[in-house]
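To start, the structure itself, in structure tokens.
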Amino acid sequence: MEVVGLDEARLPEFQALYTDFFVELREKQGWKVAKEAYRREAENYFKRGDTIFLALEGGRAVGFVRLSSREGCFWVEEIYVRPEFRGKGIGRALVERAEEEVLKHDNSLYLFVLPQDKDAIAFWKRLGYDVVNTVELVKYLTGAPRDGNFLTIEILGEGFRIFEWKGRSFTDEERRFMDLLREFYKAGGTKEEFLELVSRALEGWLE
């Protein structure tokens, strides 16, 4: 396996991988897929000069990572390895090559991961990445359904909703916790009450 920079000759392979990335993601989310739009996006990213690396196995492109620079920082925009090649260190090799490139200019590399994507979060944490900062907010302006297949999580007692993905697996205890959280906030529970309950439980455990 080798990791190489994308050139024009391999652009069609990158377009296919980029499309497959979004097909897999949108299927989990239950959204429609516009394959041709993703092929155009992939071409536009290459033409504008984004840093893109391909992982080759037997001369065939089986994965990619795309980097961008914005707001004074370097970002991993997408990383993808074909399902049949996962678990072989290809994702790690792509990340290491990306980090090597970023170190020529900066000492940090950022990315977004959806909270539903437990596998991705575990992958990045294994590679030494920490969770920082971002909470995404939305207001539906056109009467879009506000009550669908949502799960409830919390950050410092503040309740947040996340979309439930198709096929996304949570442990029984994770499910139980999210179900209880949803019922807690639905019944009028407050951030202060939640923090008091958790703090008391933790104090009891520590004693």
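Connection of Phe14 to Leu94 is not established within any shared hydrophobic cluster, with ILVMFWY side chains joined at heavy-atom distances below 4.5 Å, either directly or through further cluster members. Val113 and Leu67 fall within the same hydrophobic cluster, where Ile, Leu, Val, Met, Phe, Trp and Tyr residues are linked whenever their side-chain heavy atoms come under 4.5 Å apart, directly or through other members. Hydrophobic clustering, with ILVMFWY side chains joined whenever heavy atoms are under 4.5 angstrom apart, groups Val4 together with Ile52. No chain of hydrophobic side-chain contacts below 4.5 Å, direct or via other Ile, Leu, Val, Met, Phe, Trp or Tyr residues, connects Tyr80 to Phe53. Residues Val131 and Val76 are members of separate hydrophobic clusters, defined by side-chain heavy-atom contacts under 4.5 angstrom among Ile, Leu, Val, Met, Phe, Trp and Tyr.
Between Leu54 and Leu17, some side-chain heavy-atom pair lies under the 4.5 Å cut-off. Side-chain atoms of Gln29 and Leu114, non-hydrogen and from C-beta on, do get closer than 4.5 Å to each other. The shortest distance between side-chain heavy atoms of Val23 and Tyr38 does not fall below 4.5 Å. Looking at heavy atoms from C-beta onward, Lys118 lies out of side-chain contact with Ile121 at the 4.5 angstrom threshold. The shortest distance between side-chain heavy atoms of Glu24 and Pro83 falls below 4.5 Å.
The minimum heavy-atom distance between Ala9 and Pro12, with the atom names listed, is O-CD, 3.7 Å. Closest approach of Ile153 and Pro115 over heavy atoms only: CD1-CB, 4.4 Å. Between Glu193 and Gly188, the closest heavy-atom pair is OE1-O, 4.1 Å. Across all their heavy atoms, Ala98 and Val65 have their closest contact at CB-CG1, 4.4 Å. In this structure, Arg86 and Val81 approach most closely via the heavy-atom pair NE-O, 2.7 Å. Minimum heavy-atom separation, Ala16 to Arg39: N-NH1, 4.1 Å.
Glu173 has a carboxylate O that lies under 4.0 Å from a charged side-chain N of Arg176, or vice versa, which qualifies the two as a salt bridge. Remark: Arg97 engages Glu100 in a salt bridge, criterion side-chain N to carboxylate O under 4.0 Å. Salt bridge Asp179/Arg182: present, at least one basic N to carboxylate O contact under 4.0 Å.
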Please lay out, stage by stage, how Glu96 and Val3 fare under the test side chain to side chain contact (heavy atoms under 4.5 Å, CB included).
CA-CA 10 Å; Glu96 289 173 350; Val3 176; over 6 Å; no
List the steps, then state whether side chain to side chain contact (heavy atoms under 4.5 Å, CB included) holds for Tyr185 with Leu181.
CA-CA 6 Å; Tyr185 293 120; Leu181 273 177; 3.7 Å; yes
Give the C-alpha distance, both sets of side-chain angles, the deciding distance and a yes or no for side chain to side chain contact (heavy atoms under 4.5 Å, CB included) between Phe170 and Leu151.
CA-CA 11 Å; Phe170 290 95; Leu151 302 171; 3.5 Å; yes
Criterion side chain to side chain contact (heavy atoms under 4.5 Å, CB included) on Glu183 and Leu180, from CA distance to verdict
CA-CA 5 Å; Glu183 294 305 313; Leu180 288 169; 5.7 Å; no
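To the nearest 0.5 Å, the span separating CD on Glu2 from CD on Glu57 amounts to 9.5 Å. Atom CG of residue Leu195 and atom CD of residue Glu158 lie 9.0 Å apart, to the nearest 0.5 angstrom. Put simply, OG1 on Thr51 and CD on Glu77 are 11.0 Å apart, with the number rounded to the nearest 0.5 Å. Summarising the geometry, atom OG1 belonging to Thr152 is positioned 11.5 Å from atom CZ belonging to Phe184; distances are rounded to the nearest 0.5 Å.
In this structure a side-chain-to-backbone donor-acceptor pair under 3.5 Å is missing from Asp172 to Arg175. Using modelled atom types, one side-chain atom of Glu154 and one backbone atom of Gly157 make a donor-acceptor pair closer than 3.5 Å. Between the Arg92 side chain and the Leu127 main chain, no donor and acceptor come within less than 3.5 Å of each other. The backbone N or O of Ala61 lies less than 3.5 Å from a partner atom in the side chain of Glu13, making a donor-acceptor pair.
Judged by a 6.0 Å distance limit and a 45° cone about the ring axis, Arg66 is positioned over the six-membered ring of Tyr45.
Of the options Arg26, Lys35, Arg82, a salt bridge (Lys or Arg N to Asp or Glu O under 4.0 Å) to Asp20 is made by Arg82 and by none of the others. For the ring pair (Phe, Tyr, Trp, His ring centres under 6.0 Å) criterion with Tyr110, the lone passing option out of Tyr129, Phe74, Trp75 is Trp75.
In Glu8, the CD atom is not crowded: 12 or fewer heavy atoms of neighbouring residues, nucleotides or ligands sit closer than 6.0 Å.
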